[in-house]
Amino acid sequence: MSPPVPSDLGYVPPDGGWGWAVVFGASVSVGFAYTFPKAFTIYFKELQAVYSISYSQIAWITSIMCATTYGGGPISSILVNRYGSRPVVIFGGLLCGIGMISAAFCTSILQLYICVGFITGFGLALNLQPSVIIIGKYFLKRRPIANGLAMAGSPVMLCTLAPLNQFLFDNFGWRGSFLILGAILLNCCVAGALFRPIRAVPASVKPQVTEEGKDALKKEVTEEAMEMSSPTNVPMENKTEEEGGKDCCEKINQYLDFSLFKHRGFLIYLIGNVLMFLGFFAPIVFLAPYAKHIGIDEYSAAFLLSILAIVDMIARPTTGIIANSKWVRPRIQYFFSFSIAFNGTCHLLCPLASGYTGLVVYSIFFGLAFGMVCAMLFETLMDLVGAARFTSAVGLVTIAECCTILLGPPIGGTLIDTFGDYKYMFIKCGAVMVLAGTFLFIMNYYNYRMLAKEEKERKAKEEDLKSVRTENEGRNNWNRETAQDGPELEPLREEQEGLKKEVNGTNEL
Amino acid sequence: MPAAFSAKRPGRLPRLLLLCLCLSGGSPADATMTTQDASQSLASSLTKMQAGLTESSPEPMTTIQTANWPTQGSPSDHLTLGHNGSTPALLGPDLTTQEFKQATKENMSNVTFVEYEVLLPGVSGTSMEKNITLDSATIIELSCRLDNKYSHLKSLQVTWKRGNETIRHIDKTENSWSIQLKILDSSKLGNYRCILKGEEEISAIFYLQVPKIEGKEKPIVSYEGDSAIMICKSFGYTPIAWTWYKINGSEQIAINDSLVADKYVINSVSANVTHLKILKLTKEDDGVYWCEAAFELGRSKGNLKLKVLSLMVPLKPFLAIVAEVVILVTIVFLYEMYSKKKEKCAEDEKEFDQVEQLKSEESNGLENSSARNRKI
């Protein structure tokens with residue numbers, strides 16, 4: 001199996017230090033983005049009574065919020081590509097806060113749709129994507145752990161937001177709660193402040209000695225780059241040099257990399273995930289109603305969800321640690337496919353669970369599987385496309401997933417209504433996920449083999465190039481020796497080596 | 001998003017079945033309900049529910065009784081409890097003709113017949129209780145039965161009492177005693193006790209009451225200038241009318257929405273639910289409210305509490321959290337500037353050292369090259 005894709009960012013990520021503060025900020029952001037729609041359902045009953053509307057009309061609020069959060073992905077990606085993560089998250093936090101504060105003064109359901117649905121939803125979109133992106137910029141070797149910890153923010157936030165919402169509602173009514181929730185969402189700005197932009201510092205450059213030396217070095221660098229660049233992949237430094245020669249496609253690609261649709265790994269991930277999300281969220285939505293349907297009382301049914309959240313909380317960082325181990329990291333795509341299939345099997349076995357104990361066991365396994373999938377959701381995408389193109393990839397993936405995420409629970413609901421039985425919904429979800437897992441497994445096996453083949457071809461080409469280059473180098477060095485001093489050659493050679501590594505990195509894509 | 005699906009509402013029949021559980025614990029396995037058409041001109045049916053232990057006879061005891069008076073409508077089959085058909089009532093054979101005539105007069109209204117039985121343990125001390133909810137005029141038979149295994153207890157004196165008043169009872173069987181009551185208004189509701197005096201005293205209490213109204217335990221919170229909605233629900237039983245009261249200290253004031261039209265709006269979404277919407281709230285609207293449901297047999301109240309807050313109340317935590325956010329963001333940025341400065345200082349120092357080092361190397365190199373040149 002091929003080793004993990006080396007960094008194509010142009011620098012070596014720190015893998016620690018300030019990175020852990022970034023992980024904490026990311027977990028806060030991700031937590032708010034995923035759990036806010038769920039925790040908001042506490043207000044439904046009251047809002048229904050106040051505005052005299054039906055349940056489906058009020059449920060539109062969370063639907064719009066989720067749709068905007070996922071649909072705003074590409075816009076988020078474009079903004080991050082242009083401005084970096086930090087300003088986008090701070091702006092997103094402000095937007096969320098403004099949305100909820102204005103919702104506190106709403107007088108009609110339409111205004112609620114706009115304030116809570118669109119504005120807050122878009123703010124959460126501007127929170128979610130940059131948080132995931134910046135982890136790829138700060139971590140490489142420990143990236144799965146960082147991803148696992150950041151995604152663990154979601155169940156932690158759910159466990160705190162749900163009781164907090166209830167407390168706020170009991171003491172301040174719904175208007176006061178919205179006001180205070182707006183302030184709480186402003187904490188995303190704090191998370192954003194932690195996202196210190198990381199400078200692309202080339203790893204192997206020694207501090208420059210003199211101005212002359214620097215200029216000469218730069219000339220050599222660009223010359224070597226142009227010699228060694230392959231026709232398809234352009235090294236990052238070259239882009240800035242050849243700005244004039246870009247056409248409009250490349251300009252769009254700078255903001256949102258549509259060339260990803262030619263990327264084999266990206267396409268595999270996209271198809272597999274879009275299929276998976278069709279059955280991902282529906283079981284959570286219907287777990288409590290199913291429990292009540294088979295005769296369990298309301299509090300025990302709610303407790304099932306708490307069990308799920310707690311197991312989820314533990315599963316995510318643990319999965320991150322496992323995925324980071326040297327046995328799993330190279331084969332992380334298989335691990336991901338396995339966890340999806342495991343999730344699907346849980347759902348298929350759920351109808352066999354009888355009574356409360358059976359459902360508790362199901363909740364535990366479901367929580368475990370859910371955590372495993374979520375922890376590796378973005379890690380696998382980063383692994384496939386590399387951290388540099390991940391910004392655009394995540395935007396494109398979320399907008400594609402948006403449709404199936406929104407369709408999943410209503411389809412499940414229709415199945416329940418048509419057959420009057422929950423087991424068909426579980427069977428549908430389980431079947432879809434097992435199918436997605438199998439698809440990903442097979443396609444990733446194919447992908448790994450193709451990558452290994454390409455690696456072999458590239459190495460062979462490099463051998464040829466090396467032999468040609470050593471000849472040239474010999475000639476060049478003999479020319480330069482008369483002009484420059486001995487010690488100054490050192491940085492030059494190091495620079496050549498560094499460039500070679502970088503170009504190899506981009507070639508791997 | 002969760003699709004709306006209707007949960008199955010338990011029907012009245014299974015609910016009443018469960019009500020009639022004998023309190024020593026038993027499943028309603030032996031409860032049966034059968035109806036039968038008696039004859040062409042008369043229609044009658046008796047719904048009888050009897051809960052029993054597994055020891056007791058599993059045979060369903062169904063009796064059909066007919067009454068000898070012309071019925072109002074066409075013969076109908078079912079007489080299920082609480083059902084509003086114009087069906088005639090049945091009277092037990094031991095009622096006097098006077099009551100018989102009275103019953104015919106009340107023939108027009110919906111009078112139902114219900115029977116409840118409690119199985120008594122032989123041991124004293126534990127008092128058996130049963131809550132019975134009635135919403136319309138009913139003829140009810142309450143019976144206490146002694147378990148067969150205690151039939152050895154002789155010389156038992158059985159009394160039925162309501163408060164201090166003794167009621168004449170009938171010996172249904174060897175081991176059971178019952179009373180029949182005609183509940184037509186609230187005066188007949190209350191607690192009825194059957195007392196068995198032997199060596200020890202064994203008793204059971206039947207609580208006859210009107211249906212309870214569900215209000216809200218937690219206070220409803222709203223703001224000045226905003227509106228508030230209070231909802232009262234009655235489960236299972238449909239009241240005749242709803243009235244809302246506001247409690248001012250010790251007096252209750254009826255809320256009439258026609259008088260102050262733009263302040264109170266009362267509407268009923270369905271017969272079992274009532275909404276009171278209070279507009280343009282002020283501090284005076286704060287307090288306790290009662291929603292009263294009028295049933296045939298009396299009134300029942302639900303309690304609701306309204307809290308009216310000023311906008312300052314949530315504003316304080318809001319401002320506190322905003323201040324916390326601003327402080328944290330400032331701290332993060334300040335720390336970043338500080339660590340950048342430190343880095344820059346360290347870098348400058350390093351560069352300075354390196355420059356010195358290279359300069360010395362240069363001078364060495366120059367010396368060497370000049371040495372080389374000289375050598376050449």
Side-chain angles (χ1 to χ4, degrees), chain A residues 18 21 25 41 46 49-50 52 54-56 59-60 62-63 66 90 93 97 101 104 168-180 182-184 186-190 192-194 196 206-210 285-286 289 292-293 406 409-414 416-417 420 485-488, chain B residues 1-8 218-223 226-231 267 269 275 277 307-309 311 313-333 335-336 339-340 347 350-355 357-359 361-362 364-366 368-369:
Chain A
W18 188 250
T41 54
E46 176 74 7
V50 167
S52 316
S54 69
Y55 179 80
S56 55
W60 269 105
T62 40
S63 303
C66 278
I90 293 182
I101 293 170
L168 285 175
F169 179 61
D170 289 338
N171 285 304
F172 297 106
W174 66 273
R175 286 194 197 267
S177 305
F178 283 6
L179 196 67
I180 296 177
I184 292 176
L186 282 177
N187 278 304
C188 293
C189 294
V190 178
L194 289 168
R196 224 184 260 181
K206 281 220 180 106
Q208 300 307 311
V209 180
T210 55
V285 171
F286 290 113
K292 281 188 228 165
H293 177 78
L406 289 177
I411 292 181
T414 328
I416 295 172
D417 287 341
D485 292 328
E488 278 189 309
Chain B
M1 305 304 124
F5 61 93
S6 51
K8 259 173 100 179
K218 289 192 207 157
I220 300 168
V221 179
S222 198
Y223 292 90
D226 195 12
S227 63
I229 289 196
M230 297 200 274
I231 307 174
N267 61 11
V269 168
H275 286 205
K277 187 166 182 176
K307 248 171 47 174
V308 180
L309 304 171
L311 272 169
V313 176
L315 206 62
K316 281 186 233 140
F318 170 75
L319 290 174
I321 298 176
V322 171
E324 166 246 326
V325 168
V326 169
I327 291 172
L328 283 175
V329 171
T330 325
I331 291 176
V332 170
F333 277 124
Y335 178 71
E336 187 172 327
S339 47
K340 261 209 194 125
E347 256 183 45
K350 238 201 312 182
E351 258 196 45
F352 188 67
D353 289 339
Q354 293 233 334
V355 166
Q357 197 188 24
L358 279 159
K359 270 201 184 141
E361 280 178 22
E362 253 187 50
N364 283 343
L366 270 166
N368 283 344
S369 60

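Reminder, nothing fancy here: chain letters follow the sequence lines and each chain counts from 1. In this text, all values refer to a predicted model and were calculated from it rather than measured experimentally.
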Examine whether an atom of [X] lies under 4.5 Å from a heavy atom of chain B, and if so say whether it belongs to the side chain, the backbone or both; otherwise answer neither.
X         : value
Val50(A)  : backbone
Ile101(A) : side chain
Trp60(A)  : neither

Under 4.5 Å from any heavy atom of chain A, what part of [X] do you find: side chain, backbone, both or neither?
X         : value
Val332(B) : side chain
Lys350(B) : neither
Ser227(B) : neither
Glu324(B) : side chain

Checklist entry - Given the rule in the side chain to side chain contact (heavy atoms under 4.5 Å, CB included) test, do Glu46(A) and Ile229(B) qualify, once you have shown the distances and angles that lead to the verdict? => result CA-CA 9 Å; Glu46(A) 176 74 7; Ile229(B) 289 196; over 6 Å; no

Might you point out which heavy atoms bring [X] and [Y] nearest each other, and give the distance in Å?
X         : Y         : answer
Val325(B) : Ala183(A) : CG2-O, 4.2 Å
Ala49(A)  : Ile231(B) : CB-CD1, 3.9 Å
Leu309(B) : Asn171(A) : CD1-O, 3.8 Å
Ile180(A) : Pro314(B) : CG1-O, 4.0 Å

Roughly how far, to the nearest 0.5 Å, is the [atom2] atom of [Y] from the [atom1] atom of [X]?
X         : Y         : atom1 : atom2 : answer
Lys218(B) : Phe169(A) : NZ    : CZ    : 8.5 Å
Leu315(B) : Leu179(A) : CG    : CG    : 6.5 Å
Leu194(A) : Glu336(B) : CG    : CD    : 9.5 Å
Phe172(A) : Tyr223(B) : CZ    : OH    : 6.5 Å
Leu186(A) : Leu328(B) : CG    : CG    : 12.0 Å

Next on the checklist: Does Phe333(B), at its CZ atom, have more than 12 non-hydrogen atoms belonging to other residues, nucleotides or ligands within less than 6.0 Å?
Outcome noted: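 Correct, the count exceeds 12.
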
